[in-house]
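A quick note: this is a predicted structure, and the numbers were derived from the prediction, not measured. Read the numbers this way: they start at 1 and go in the same order the structure lists the ligands and their atoms.
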Amino acid sequence: MEKDYFIERKPMPFRIKTVEHVKMTTKAEREKLIAEAYYNVFNLKARDVYIDLLTDSGTGAMSKEQWAAIMMGDESYAGADSFLKFKQAINDVLGFDFVLPTHQGRGAENVFTKAFVKEGDIIPGNMHFDTTEAQIEDKKGIGKEFVIDEAYDPQLIHPFKGNVNISKLEQFLQKNRDKVPLFILTVTCNSGGGQPVSMRNIKELSAVLKKFEVPLFFDIARFAENAYFIKHRESGYENKTISEIILEMMSYADVVSCSAKKDPLGNIGGFLAMRTEDYFDKLKPFVILNEGFITYGGLSGRALEALAVGLHESTSEEHLAYRISQVHYLGKLLDDAGIPIVKPVGGHGVFVDGLKFFPHIPQDNFPSQALTVYLYIESGVRGVEIGNLLAGRDPQTGKNRYPKVDTLRLAIPRRVYTNEHMEYVAEGLKKIYKDREKYKGFEMVYEPPFLRHFSAKLKKVE
Ligand code: F0G
């Protein structure tokens, strides 16, 4: 039998101290609520959601150490202590000497694309996340994917589906080097299902980019989860600590861009970090212009304090073991029920294959969005479509993009839900799967010009 790479259940390394009550709704109420939201889960009120798996971004639970640190927030405009602690934490955990805070990940992306991307440039990466792609397109550049072919086959088992196809990239650079200002490696690769990149691939990528003198940027929203996968799947790393693996990964990056709302356990925040002063000097003016002075970047001293603590907590092996094993527990429950999911399960969520789940719904009628809507109606669980609706249109041709991996993403917030919640999520999907032929697709009645999934309005196909 093929190795499926499911990570077995691990103990929960924390106990629950504060309770946040949630409202229970009936199926009839949810039918009405989602219709009023034009069948777009972004339009729902969070209070009408029972288990919120919309995103793992900014939705984690902070530790008592983080809450305590918040009380130490230094709100000085320039040179605040809170910034110095934040900078030190980035230096300790990631090894970079130069740090620029930003209000969140896309703030960092806006800054570095402004500084480095000009009209007609091509920005290669494994797979850009949608905000990264949109920032590149905003500067009139073009994003290009170089992830390995295995990433496009949701059922194909491979330990590092976020890896870059190095030979394809090399051929591309031989012809197009002059149009390429930088390469972005996203770890883990969100758009591919939260899939990790191996250390070996990072090394090979770095060598090729050095040869062509192309700077290597990392998007490190989920760097610690990537390190956990390296430790558990890549030979030679089983006895290294997570911290050692993270530092080794980072040693290959020239600049990193981070949404600190994910692995760094913040409710808000982001940053750019770099090894050398020349990058710092190039990026600095855009931080001041768009985010705020370089020692706060749009963040309060309180937020910087919470992140300084969160960055250290994110590297705990026990935390990562429970976190990733919980995601895999949900994946295993669905897989055992025959529900088609992206395999292996990634680090931050389970991606259900909408095209296989609803083969009778054409991709133009948003099968994964349909699944997202029906799961909310069935059980009050909010996931998000990562498929045709999110992919949007090609800016050159204006035509819909048809992603090969078209999914409902169930992203699990860090330290928020128990495995009992995961069982409830699985039960809802199982019910829908049993009668899957009876469900219909959707069509758009309003489409915004970009990032359309956030505000599109839909109706059921009759
Ligand atoms: N890069 C990656 C890999 C991301 O997953 C995200 C956000 C960003 C950049 C942008 O960061 O939200 O702080 O501005 N991903 C969220 C998600 C929204 O749900 O996956 P941001």
Side-chain angles (χ1 to χ4, degrees), residues 41-42 46 49 52-60 100-113 123 125-138 143 145 147 151 161-162 183-197 217-226 249 253 255-273 287 290-291 297-299 303 306-307 310 314 327 342 346-351 368 372 382-387 389-391 405 407-414 416 450-455:
V41 292
F42 285 100
V49 173
D52 205 347
L53 307 184
L54 181 70
T55 179
D56 63 324
S57 181
T59 52
L100 290 164
T102 61
H103 78 281
Q104 61 182 80
R106 69 200 71 181
E109 291 168 355
N110 181 38
V111 164
F112 85 72
T113 51
I123 317 301
N126 44 355
M127 259 171 144
H128 301 310
F129 186 62
D130 62 329
T131 57
T132 321
E133 186 81 22
Q135 293 291 352
I136 292 167
E137 287 171 7
D138 180 54
E145 288 180 0
V147 75
K161 272 175 139 177
F183 183 99
I184 306 170
L185 184 75
T186 305
V187 293
T188 58
C189 184
N190 188 356
S191 307
Q195 302 293 338
V197 180
F217 282 48
F218 284 4
D219 174 328
I220 59 159
R222 300 178 180 85
F223 65 93
E225 290 167 6
N226 199 89
M249 279 165 58
V255 178
V256 297
S257 169
C258 186
S259 167
K261 303 170 71 172
K262 285 114 181 156
D263 273 358
L265 296 164
N267 295 129
I268 192 69
F271 60 88
L272 289 156
V287 172
N290 294 106
E291 300 290 310
L299 297 172
L307 286 173
S314 75
V327 175
V342 174
H348 67 291
V350 178
F351 292 62
S368 304
T372 307
R382 174 161 67 171
V384 70
E385 192 251 24
I386 307 261
L389 184 63
L390 176 134
V405 187
T407 57
L408 153 67
R409 182 183 76 170
L410 303 164
I412 320 290
R414 293 165 185 79
V416 171
F450 53 89
L451 296 176
R452 68 182 183 185
H453 58 295
F454 288 121
S455 48

Asks: Can you list everything that forms a salt bridge (Lys or Arg N to Asp or Glu O under 4.0 Å) with E137? Sequence neighbours excluded, please.
Replies: R401
Asks: What I want to check is whether the side chains of E385 and S368 have a donor and an acceptor closer together than 3.5 Å.
Replies: no
Asks: At less than 4.0 angstrom from any atom of ligand 1, which residues have a non-hydrogen atom? List them by chain and residue number.
Replies: T55, S57, Q104, G105, R106, E109, F129, T131, T186, N190, D219, R222, S259, K261, K262, R409
Asks: Would you please classify the geometry between the F112 ring and the F217 ring as parallel, tilted or perpendicular, with 30° and 60° separating the classes?
Replies: tilted
Asks: Does D56 pair with K262 as a salt bridge, N-O distance under 4.0 Å?
Replies: no
Asks: Is there a side-chain contact between I123 and I184 in this structure, where contact means two heavy atoms from C-beta onward sitting under 4.5 Å apart?
Replies: yes
Asks: Taking atom types as modelled, is there a side-chain donor on H348 or N190 under 3.5 Å from an acceptor on the other?
Replies: yes
